[in-house]
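See structure below.
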Amino acid sequence: MNKDYLRMAVGLARNNVVERGGRPFGAVLVKDGQVLATGVNEILATHDPSTHAEMQAIRAATAAQQNPRLDGCEMYASGQPCPMCLSLMHMVGIKAAYFAASNADGEPYGLSTARIYAEMAKPIEQQSLRMSYQPLKGEDGESPYEAWQRVSQKKG
Ligand SMILES: [Zn+2]
């Protein structure tokens, strides 16, 4: 944990509010003690609900390196990462995350994702978003997974 990077994330979040009229979130992605990329929340500017600060930092870093993996990186975020960002951090191999404001800190401002964390911790069949498994293949009888396996075997 390097508090300078956490301060940087908090500074990005504050500047996003004061200078850009954005939401109060910033993130700094670090690898081997070096800043790979930074991001701020851009939902209000882009109308894209996935443009959280952490997502933007990940997008910038993976685009710059032309590789979707971020193994061994650390995320410094001004606020506690939401389940979407936390999931992506798991998927790309980020090894640690540090945040300066917890969901409890954000609750009075309407900036907590604790409710979604709680929802996703329930068994799938008890979650408010109903999910349903309906096995189905493509029209030619081949599933997308089988097609992917066939096509990627040809390449290899
Ligand atoms: Zn998020």
Side-chain angles (χ1 to χ4, degrees), residues 1-134 144-145 148 151-152 155:
M1 220 290 284
N2 182 327
K3 214 160 189 179
D4 289 341
Y5 294 135
L6 204 53
R7 279 193 203 97
M8 192 184 298
V10 170
L12 286 166
R14 192 173 181 284
N15 287 348
N16 198 43
V17 172
V18 175
E19 293 171 9
R20 302 177 68 207
R23 288 169 64 83
F25 300 103
V28 177
L29 189 57
V30 173
K31 174 133 194 207
D32 301 328
Q34 304 279 356
V35 174
L36 270 189
T38 64
V40 294
N41 185 297
E42 298 186 86
I43 290 179
L44 296 179
T46 63
H47 310 293
D48 176 346
S50 75
T51 53
H52 287 192
E54 301 93 320
M55 301 287 279
Q56 297 302 78
I58 289 169
R59 285 182 171 118
T62 54
Q65 69 181 14
Q66 294 286 290
N67 183 322
R69 296 292 311 173
L70 290 168
D71 294 287
C73 291
E74 297 180 312
M75 183 69 81
Y76 290 81
S78 62
Q80 183 168 353
C82 75
M84 170 180 69
C85 294
L86 178 60
S87 296
L88 187 58
M89 289 191 261
H90 276 290
M91 290 170 81
V92 300
I94 289 173
K95 70 174 181 181
Y98 311 100
F99 52 93
S102 68
N103 274 332
D105 296 332
E107 190 66 50
Y109 305 92
L111 298 171
S112 165
T113 55
R115 189 185 54 78
I116 301 170
Y117 270 107
E119 190 65 29
M120 293 182 75
K122 295 177 188 171
I124 282 175
E125 62 277 2
Q126 290 175 24
Q127 293 183 21
S128 61
L129 188 157
R130 277 197 308 264
M131 290 212 288
S132 168
Y133 172 53
Q134 301 292 330
Y145 295 173
W148 179 77
V151 170
S152 51
K155 277 188 201 158

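We use all heavy atoms of the structure for the numbers below, so side chains are in, but hydrogens, waters and symmetry mates are not. In this chain, residues are counted from 1 in sequence order. This is a predicted model, so every value here is computed, not measured.
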Open item on the list: Can you tell me if Ile124 has over 12 outside heavy atoms packed within less than 6.0 Å of its CD1?
Closed with: no
TODO: Starting at OG of Ser78, measure out to CG of Leu6 and round the result to the nearest 0.5 Å.
DONE: 8.5 Å
Open item on the list: Within a 6.0 Å radius of atom CZ on Arg14, are there more than 12 heavy atoms belonging to other residues, nucleotides or ligands?
Closed with: no
Open item on the list: Please give me the minimum heavy-atom distance between Ala9 and Ala77, naming the atom from each residue.
Closed with: CB-C, 4.0 Å
Run the side-chain donor-acceptor check on residues 80-92: report pairs under 3.5 Å with partners two or more places apart or on a different chain.
residue	atom	partner	partner atom	Å
Gln80	OE1	Asn103	N	2.8
Ser87	OG	Pro83	O	2.8

TODO: Write down the atom of Leu70, the atom of Ala61, and the distance for their closest heavy-atom approach.
DONE: CD2-CB, 4.0 Å
Open item on the list: Nearest 0.5 Å, please: how far is OH in Tyr76 from OG1 in Thr38?
Closed with: 15.0 Å
Open item on the list: On a heavy-atom basis, which atom in Gln127 and which in Lys122 lie closest, and how many Å separate them?
Closed with: NE2-O, 3.1 Å
Task: Between CD on residue Glu42 and CG on residue Asp48, distance to nearest 0.5 Å - done: 9.5 Å
Show the atom names and distances, to 0.1 Å, of all donor-acceptor pairs under 3.5 Å that link a side chain in residues 25-37 to residues at least two apart or in another chain.
residue	atom	partner	partner atom	Å
Lys31	NZ	Asp71	O	3.3

Open item on the list: To check you understand the geometry: which heavy-atom pair defines the closest contact between Pro49 and His47, and what is its length?
Closed with: CD-O, 3.5 Å
- [ ] Determine, stepwise, if the pair Arg23 / Thr51 fulfils side chain to side chain donor-acceptor pair (under 3.5 Å).
- [x] CA-CA 11 Å; Arg23 288 169 64 83; Thr51 53; over 6 Å; no
Open item on the list: Ignoring hydrogens, what is the shortest heavy-atom contact between Glu54 and Gly79? Give both atom names and the distance.
Closed with: OE2-O, 4.1 Å
Open item on the list: With rounding to the nearest 0.5 angstrom, report the CE to NZ distance, Met8 to Lys3.
Closed with: 15.0 Å
Task: Donor-acceptor under 3.5 Å (Ser112 side chain, Gly106 main chain) - done: no
Task: Spacing of Leu12 atom CG and Arg7 atom CZ [to the nearest 0.5 Å] - done: 14.0 Å
Open item on the list: Donor-acceptor check, side chain of Glu19 to backbone of Asn16, threshold 3.5 angstrom: yes or no?
Closed with: no
TODO: Locate the shortest heavy-atom distance separating Gly39 from Gln56; write the atom from each residue and the value.
DONE: CA-CB, 4.1 Å
Open item on the list: So does Glu74 get a backbone contact from the side chain of Tyr98, meaning a donor-acceptor N/O pair under 3.5 Å?
Closed with: no
